[in-house]
Amino acid sequence: MSSRLSRIQKQLKTNKQRAVKNKLKEPDSILLDSVVAQDLPREERIKRVEERAVGKQEDVKIDINIEIGHQSRDAKEASVEKGIVINPGHSLKYKTIKKHDVLLMQAPNINESGYYSGIVSLKSYITKFAPEIKCTVIDPVIDYFYQNPPDKKSMFMNEFNTYSHQGEFHRLMDYPEIYEIRDYIGKYIDRAKPKYLGFSTIDGNIDASLALSKLIKEKYPELKVMMGGNGVQMMKNGLAPAKTYDYDYYHWLDFIVRGDGENTLVELLKSDLTPESLMTIQGLIWKEDTQVIDKDTQKVRWIENYKRENTGMDILPYPDYTDLKENFYYKKSYGDSTPLILSRGCPYRCTFCSVPAFVPLFRYRPLENVIEEMEHWIKQNKRGFFCHDSIVNGDPRWLKNFCDSIIEMGWGDGYVKWGGNFRLQKPMRDLETLRLYNKAGVEWMISGLESASEPVLRHMKKYGSMKGTREIFENIREVNKNNKRPIKVMLQLIIGYLNESEEDFQKTMDFVEEFHDVIHEVLTCSLFLLWPPLLKQWREEGKWIDFTDGVVWTTEYSDVSERLKRADKIEELFIRLKIPYNIYHRTSYKESEKMAKGLDPLN
């Protein structure tokens, strides 16, 4: 324990004594307590399952339909007693925004929660290292959805995060909603009068970002439009390029940032935008000139500067979420918890996951730096943390030291609560390891089991020992016995992976039934979407596939209709076992199935 940590520990003891003296209230619940009410009685969660089963559950996705009133009266009263705010409300920031140099935004990927960490990190970095630049994070898409609750079954919502039509962003131009969202962005531009507008992308929101950025550039031609984030790696010359994303024809974009964007963005914002200045900015892609092909097509000649080194994890400032504190979706996602980033990237190479392709280098922040940030929030009586990492236990040794440090600081046994994405792996077969995690505050684990078939897991490059996985679940069952702070397992499953046979699928069904008492919720049960790198691998392995797009494909193991039937079958199991669940991508599958039969997908 360093002298700095010892000093913090002494301060923490003083804080705890002061808290007892002043009888401070417990902090509001952490992330999933607010999103899916994890602390509700099982009877209340079962009630939701039964309500959901009336009719078939469509793609649940993230609850952006502003459904506040789903809790029962008893649950609401219990939440009030705990100090939990049921209706988080929303502030339309464009009404009060002042002049800014830069606006940063991200079109939400409605299949994922908590998408703000990247742009918040950028904004916090600019604030620390270039305070003269006025920058803020905006969320006009959620402004629009808040005032115009969407039909989650609509074709627009299905197309907004495109997987079956990647690169065909022009399809969104057929919907009036996209123009209305553009006008909401315009409200910020009209008031803030920025010089730059930046779009942060991930693999699920590229098309929405391209459509919105094009519409904005047409309306505000003098505005400099930037695009960055992991989604850029799917564009031409990226780490996981898709042929459908050719930025040579994205003439409305002024700048593209590839890789860690903190330093690149600061240097761009400080530059005089001359070619001589732009040429020196590593990680930047910028326009040399544009050639008009015809009235509808322009081709860009881009200059790709040298790749920039990754931003040092030790110099990243604490993320400042002030810009989003009155945002409905942020509060609905996090409640009063604090997003905490321990690492970037992932050391594993699951075949279906874009993270290792987009962020190939896995690295943790310095442990002492993380502990200091936690102490910073604890002083503000914020003791619930959502670890915003692709994987929390990427290095089990680092995680053990982290847990030991939390306990040494006096934060164990429930003083802090936290959780995140945990890979099922060998160290968790040790019961004492799981007891350590729980003592250090781990109260929920998002765990990607995906399948209970070893052949499927091996092809996925997941942890392939079902004997070991059963030992892990038995250990969690043991830890949870007579435990007031049990580990809540939030399971993730994939239905219809490339080599999943009916027998393989049944093994997953059997595992869920065997350990249904350990499974707190099936957080995601996703009909499989096939992405280009895995399609390429499958073909290189000499395996047969009839491929149309990420949804419509057939192997010897399944086709679209068979995968849909499996989703219906496992949904019946969840309902029978009274396990809360979310099924993803069924709307896309049903649309594709209807189109394959020559039917109108809108009916």
Side-chain angles (χ1 to χ4, degrees), residues 1-34 38-39 82-84 313-314 316-319 321 334-343 364-389 391-422 427-428 432-446 476 479-480 483-488:
M1 179 66 68
S2 69
S3 59
R4 181 181 293 179
L5 292 186
S6 298
R7 187 170 66 253
I8 294 174
Q9 183 176 10
K10 291 179 181 178
Q11 180 62 50
L12 177 65
K13 290 180 179 179
T14 302
N15 292 347
K16 290 177 69 174
Q17 293 169 354
R18 186 181 300 120
V20 173
K21 181 178 180 180
N22 296 333
K23 298 181 180 180
L24 293 177
K25 294 181 179 180
E26 287 290 316
D28 289 353
S29 60
I30 58 177
L31 167 65
L32 291 175
D33 295 338
S34 298
Q38 297 307 306
D39 285 338
K82 293 181 180 180
I84 300 173
M313 298 292 282
D314 56 335
L316 291 175
Y318 302 155
Y321 287 85
Y334 298 115
D336 195 47
S337 69
T338 299
L340 184 67
I341 298 175
L342 309 179
S343 63
Y364 277 106
R365 290 170 59 189
L367 176 59
E368 185 175 310
N369 183 256
V370 176
I371 295 296
E372 287 178 348
E373 182 182 351
M374 291 180 71
E375 193 266 350
H376 167 79
W377 296 115
I378 288 171
K379 283 183 177 180
Q380 301 177 46
N381 198 37
K382 292 185 179 295
R383 295 189 266 121
F385 297 94
F386 167 52
C387 293
H388 223 309
D389 300 62
I391 182 171
V392 170
N393 57 339
D395 181 346
R397 294 166 300 179
W398 190 98
L399 181 60
K400 181 181 184 303
N401 290 336
F402 179 54
C403 291
D404 287 338
S405 296
I406 287 174
I407 294 168
E408 289 175 16
M409 298 295 289
W411 301 343
D413 295 315
Y415 187 75
V416 296
K417 302 178 181 180
W418 57 283
N421 293 295
F422 282 77
M428 298 168 70
E432 294 309 311
T433 295
L434 284 170
R435 291 193 192 280
L436 173 66
Y437 294 170
N438 188 234
K439 183 176 179 62
V442 174
E443 296 197 11
W444 51 272
M445 292 181 173
I446 300 175
I476 295 174
V479 169
N480 288 351
N483 188 347
K484 294 182 179 179
R485 300 183 299 100
I487 296 174
K488 305 177 181 73

Stepwise, does the side chain to side chain contact (heavy atoms under 4.5 Å, CB included) test hold for I378 with M409? CA-CA 12 Å; I378 288 171; M409 298 295 289; over 6 Å; no
Once side chain to side chain contact (heavy atoms under 4.5 Å, CB included) is applied, do any residues pair with P486, and if so which ones, sequence neighbours excluded?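 Result, side chain to side chain contact (heavy atoms under 4.5 Å, CB included) vs P486: N480.
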Under the rule for side chain to side chain contact (heavy atoms under 4.5 Å, CB included), what residues qualify as partners of L434, not counting sequence neighbours? M428, Y437, M445, N475, I476, V479
Starting at [atom1] of [X], measure out to [atom2] of [Y] and round the result to the nearest 0.5 Å.
X    : Y    : atom1 : atom2 : answer
Y415 : I407 : OH    : CD1   : 15.5 Å
D404 : L399 : CG    : CG    : 9.5 Å
M374 : K382 : CE    : NZ    : 14.0 Å
E443 : N483 : CD    : CG    : 8.0 Å

Run the ring-ring contact (aromatic ring centres under 6.0 Å, His included) test against F402 and tell me which residues pass, sequence neighbours left out. W398, W418
Can you give me the closest heavy-atom contact between [X] and [Y], atom names plus distance?
X    : Y    : value
C387 : L342 : SG-CD1, 3.9 Å
G441 : R485 : CA-NH1, 4.5 Å
S405 : L367 : OG-CD2, 3.5 Å
C403 : L436 : CB-CG, 3.9 Å
P339 : S337 : CD-O, 3.9 Å

Mind checking what makes side-chain hydrogen bond (donor to acceptor under 3.5 Å, both in side chains) contact with [X], not counting sequence neighbours?
X    : answer
T338 : none
D413 : K439
N393 : none

Run Y318 and E372 through side chain to side chain contact (heavy atoms under 4.5 Å, CB included) and show every step you take. CA-CA 10 Å; Y318 302 155; E372 287 178 348; 3.4 Å; yes
Are K417 and R383 close enough, and set up right, to give a side chain to side chain contact (heavy atoms under 4.5 Å, CB included), and what steps lead you there? CA-CA 6 Å; K417 302 178 181 180; R383 295 189 266 121; over 6 Å; no
Are the side chain of R365 and the backbone of M313 linked by a donor-acceptor contact shorter than 3.5 Å?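 Checked: no pair found.
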Close side-chain approach of [X] and [Y], heavy atoms under 4.5 Å:
X    : Y    : result
N369 : D314 : no
V370 : Y364 : no
V392 : I446 : no

